[in-house]
There are 2 protein chains.
Amino acid sequence: MGRWEPNARGRLAEAALELYGERGYEQTTVAEIAKRAGLTERTFFRHYADKREVLFDGSVALQELFVKAVTEAPESAAPIDAIAAGLEAVSKVFVGRREHSRQRQAVIVANAELQERELIKLASMSAGLADALRRRGVAEPAASLTAEAGLAVFKVGFELWIAASEEREMAQVMRESLDELKAVTASG
Amino acid sequence: MGRWEPNARGRLAEAALELYGERGYEQTTVAEIAKRAGLTERTFFRHYADKREVLFDGSVALQELFVKAVTEAPESAAPIDAIAAGLEAVSKVFVGRREHSRQRQAVIVANAELQERELIKLASMSAGLADALRRRGVAEPAASLTAEAGLAVFKVGFELWIAASEEREMAQVMRESLDELKAVTASG
DNA sequence: ACACCTGATGTCAGTTACTGTCATCGCGTA
DNA sequence: TACGCGATGACAGTAACTGACATCAGGTGT
């Protein structure tokens, strides 16, 4: 366990998820995470800005994927359909990762600080999507509202997918959730 | 400024908003807030769970009002219309408070930790609204999606209202934002 | 008038997240 | 083989937050 074992960052993320799951987020100290990863507390903070961030390593890549899919949707697609294309793209990333997602989500819902961090990541995604829509020529407040609606579908759809049986595909759940949103907003 | 001046809690909230505005959230210590309120750091933490919570004193009451209005909407009202009734009720609370809201929002958007706290308060509202809708007989995931849609309207509408001129009423902004959401989700 | 009770506050010590600074290590390169 | 450089360790310090206990002001009962 020398100073130069490879992938220090990944070892820290793995150790953190394990410990948060075993004894809870609050009952875990950063020093313990670092020790399990064969590193020191100071090095933890060189890789992650704080004790929460270690659980959200992939969020930037996920947002970029989402935004990219919206940006590259056909010009003719309506804003909500561009968002739908983004949801399709994002869903592919989660194929085969349901169990890992469940474990991670269980840790997050057990602690308010982690929920806060999750929410600001989702808000960042919403802002990125609104940007992408604006670049497609969508005006405000339509762009922000469409982005928020898309995130609502993602949030609700994600929870449904986690709770669902193994055969149920995320992309399908997302499509159905979006249809449901369209239904409930289609009054008056 | 003796030990028993009245309204210690209110004095702390006022001092905190002032200091966060003057020198920023991170550059303000809890000891400084307490000192300006004529109290000690320890007493601050008896009134507020942490350094962020002091800015969110009214959030529980606001949520209760929102939920109450949704609950008491006519039985015949569609879910989205019950939410609309809630938005109307909430809007009344903000009459005459635009300047205060601007000041507070400026402090919040300037700091990520405060944004996180704001987001979890809004998420709590969404959960409360979904509950209320379920009690009205709305099934899942329609209840959660309608609640999330309502919160999206509130978020976007609130920012529009803050940026708008003095004559523009929040209730009107909320109505227009909801109509816009209905428009963007009314495709295919 | 007096002792007593109670809730709010003060005091103090302790833990832990997080930061700044400098020393040290292992590896590649000239 | 000497040197440079990025990653890590070591250490001290700040501030958010907590627990335990003392103290104070005001009300209550006698």
Side-chain angles (χ1 to χ4, degrees), chain A residues 1-57 107-108 110-118 120-121, chain B residues 1-57 107-108 110-118 120-121:
Chain A
M1 193 72 87
R3 210 174 192 177
W4 302 98
E5 297 293 320
N7 195 22
R9 191 180 174 90
R11 267 152 48 216
L12 286 167
E14 188 180 2
L17 180 59
E18 288 173 13
L19 285 167
Y20 292 170
E22 289 171 14
R23 63 179 77 166
Y25 169 82
E26 288 175 8
Q27 285 66 47
T28 304
T29 69
V30 174
E32 289 169 341
I33 298 170
K35 188 176 181 184
R36 181 171 292 202
L39 296 163
T40 64
E41 185 181 0
R42 190 65 185 89
T43 298
F44 177 96
F45 287 110
R46 289 205 177 89
H47 285 279
Y48 296 103
D50 57 49
K51 192 184 167 186
R52 296 160 284 293
E53 198 65 17
V54 67
L55 281 186
F56 298 88
D57 222 355
V107 169
I108 291 174
N111 178 269
E113 287 183 39
L114 293 174
Q115 290 173 51
E116 290 186 341
R117 184 55 50 90
E118 165 119 314
I120 205 169
K121 296 296 183 187
Chain B
M1 194 69 86
R3 209 173 191 179
W4 302 100
E5 298 292 320
N7 194 23
R9 192 179 173 88
R11 266 152 48 217
L12 286 166
E14 188 180 2
L17 181 58
E18 287 173 12
L19 285 167
Y20 291 171
E22 289 170 14
R23 64 179 77 166
Y25 170 82
E26 288 175 9
Q27 284 67 45
T28 304
T29 70
V30 174
E32 289 169 341
I33 298 170
K35 187 176 181 184
R36 180 170 293 202
L39 297 164
T40 64
E41 184 181 2
R42 190 66 184 87
T43 297
F44 176 96
F45 287 110
R46 289 205 177 88
H47 286 278
Y48 296 102
D50 56 48
K51 191 184 167 187
R52 297 161 283 293
E53 198 66 17
V54 67
L55 281 185
F56 298 88
D57 222 355
V107 169
I108 292 173
N111 179 268
E113 287 184 38
L114 293 174
Q115 290 173 51
E116 290 185 340
R117 183 56 50 89
E118 166 120 314
I120 205 170
K121 297 295 183 186

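Labels below follow one simple rule: chain letters A, B, ... track the order of the sequence lines, proteins then strands, and each chain is numbered from 1.
Rounded to whole Å, the distance from OH on B:Tyr48 to P on D:dA16 is 17 Å. The separation between A:Arg23 atom CZ and C:dT16 atom P is 12 Å, rounded to whole Å. The NE2 atom of A:His47 sits 11 Å away from the C1' atom of D:dG6 (whole-angstrom rounding). To the nearest angstrom, P of C:dG14 lies 16 Å from CD of B:Glu41. Rounded to a whole Å, the OH atom of A:Tyr20 is 11 Å from the C1' atom of C:dA17. Taking atom CZ on A:Phe44 and atom P on D:dA10, their separation rounds to 18 Å, with Å as the unit. Rounded to whole Å, atom C1' of D:dG13 lies 14 Å from atom CZ of A:Phe45. Protein atom CZ of A:Arg52 is 16 Å distant from nucleotide atom P of C:dT16, rounded to whole Å.
By the side chain to side chain donor-acceptor pair (under 3.5 Å) test, A:Glu53 pairs with A:Arg117, A:Lys121, sequence neighbours left out. For A:Tyr48, the ring pair (Phe, Tyr, Trp, His ring centres under 6.0 Å) test picks out A:Phe44, with sequence neighbours left out.
Put simply, B:Thr43 has no side-chain N or O that comes within less than 4.0 Å of OP1 or OP2 on C:dT9. Remark: A:Arg9 is not in phosphate contact with D:dT8, judged by side-chain N or O atoms under 4.0 Å from OP1 or OP2. Put simply, B:Thr40 has a side-chain N or O that comes within less than 4.0 Å of OP1 or OP2 on C:dG10.
In summary, A:Glu18 and A:Arg36 engage in a salt bridge, as defined by a charged side-chain N under 4.0 Å from a carboxylate O.
When each of C:dA17, D:dA10, D:dA16 is scored by its nearest atom to the side-chain atoms of B:Thr29, the top-ranked nucleotide is D:dA16. Comparing D:dG9, D:dG19, C:dT9 by their closest approach to the side chain of B:Arg42 singles out D:dG19.
Residue-to-nucleotide contacts include no donor-acceptor pair under 3.5 Å from the side chain of A:Arg46 to the base of D:dG6.
Smallest separation of non-hydrogen atoms from A:Leu12 and A:Ala37: CD2-CB, 3.7 Å. Here the shortest heavy-atom pairing between A:Thr28 and A:Leu19 reads OG1-O, 3.4 Å.
Looking at heavy-atom distances under 4.0 Å, A:Ala31 makes no contact with the nucleic acid at all. Using a 4.0 Å heavy-atom cutoff across all strands shown, A:Ala49 reaches sugar-phosphate atoms only and no base atom.
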